[in-house]
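Structure first, commentary second.
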Amino acid sequence: MNDSKQKIRPALMGLNIGQAVEFPISRLKSVRTQASELGAIYDRQFTTKMDRERRIVEVKRMS
C-alpha cells in the first residue's frame, strides 16, 4: 500500500493504461471522486476495487 500522504490526482494522472495504484480505504470517497472527474475531463476510464481485508482501494486505468 502506498503512503497515506500520496496525492490522489497526480497519482491517477501518472497512470498508463493497465497500471494501478492503491490508497488506504479511508480515502475511498476522495479517490472515487477524483477518478470520476479525471475520467470525464481527460476522456480516460478508471475502475476502482475495494479490498476490505487489506483495507485498500485500488484504481486501475482502463483506457
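- The heavy-atom pair separating Gly18 from Lys60 by the smallest distance is O-CE, 3.5 Å.
- The distance from atom CD of Glu58 to atom NZ of Lys49, rounded to the nearest 0.5 Å, is 6.0 Å.
- The CZ atom of Arg55 sits 10.0 Å away from the CG atom of Leu28 when rounded to the nearest 0.5 Å.
- Applying the side-chain contact (heavy atoms from CB on, under 4.5 Å) rule to Thr48 yields the partners Arg32, Val57, Val59; only residues at least two apart in sequence or on another chain are considered.
- Counting all heavy atoms, side chain and backbone alike, Asp51 lies closest to Arg54 at OD1-N, 3.1 Å.
- Remark: the backbone N or O of Leu15 is paired with a side-chain donor or acceptor of Arg61 at under 3.5 angstrom.
- Linking Ile, Leu, Val, Met, Phe, Trp and Tyr whenever their side-chain heavy atoms come within less than 4.5 Å leaves Ile17 and Ile41 in two separate clusters.
- By the side-chain hydrogen bond (donor to acceptor under 3.5 Å, both in side chains) test, Arg44 is found to be paired with no residue, residues two or more places apart in sequence or in another chain being considered.
- Heavy-atom minimum distance, Ala11 versus Gln6: CB-NE2, 3.4 Å.
- The two residues Ile8 and Ser30 come nearest to each other via the heavy atoms CD1-CB, 3.7 Å.
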Q: Before giving the answer on side chain to side chain contact (heavy atoms under 4.5 Å, CB included), spell out for Ile25 and Met50 the whole-Å C-alpha distance, their side-chain angles and the decisive distance to 0.1 Å.
A: CA-CA 7 Å; Ile25 204 165; Met50 196 171 24; 3.4 Å; yes
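- Applying the side chain to side chain donor-acceptor pair (under 3.5 Å) rule to pairs touching residues 34-43 yields Arg9-Gln34, sequence neighbours excluded.
- Note on Val31 and Met13: same hydrophobic cluster, where clusters join Ile, Leu, Val, Met, Phe, Trp and Tyr whose side-chain heavy atoms are under 4.5 Å apart, directly or indirectly.
- Closest non-hydrogen pair, Phe46 versus Gly39, comes out as CE1-N, 4.0 Å.
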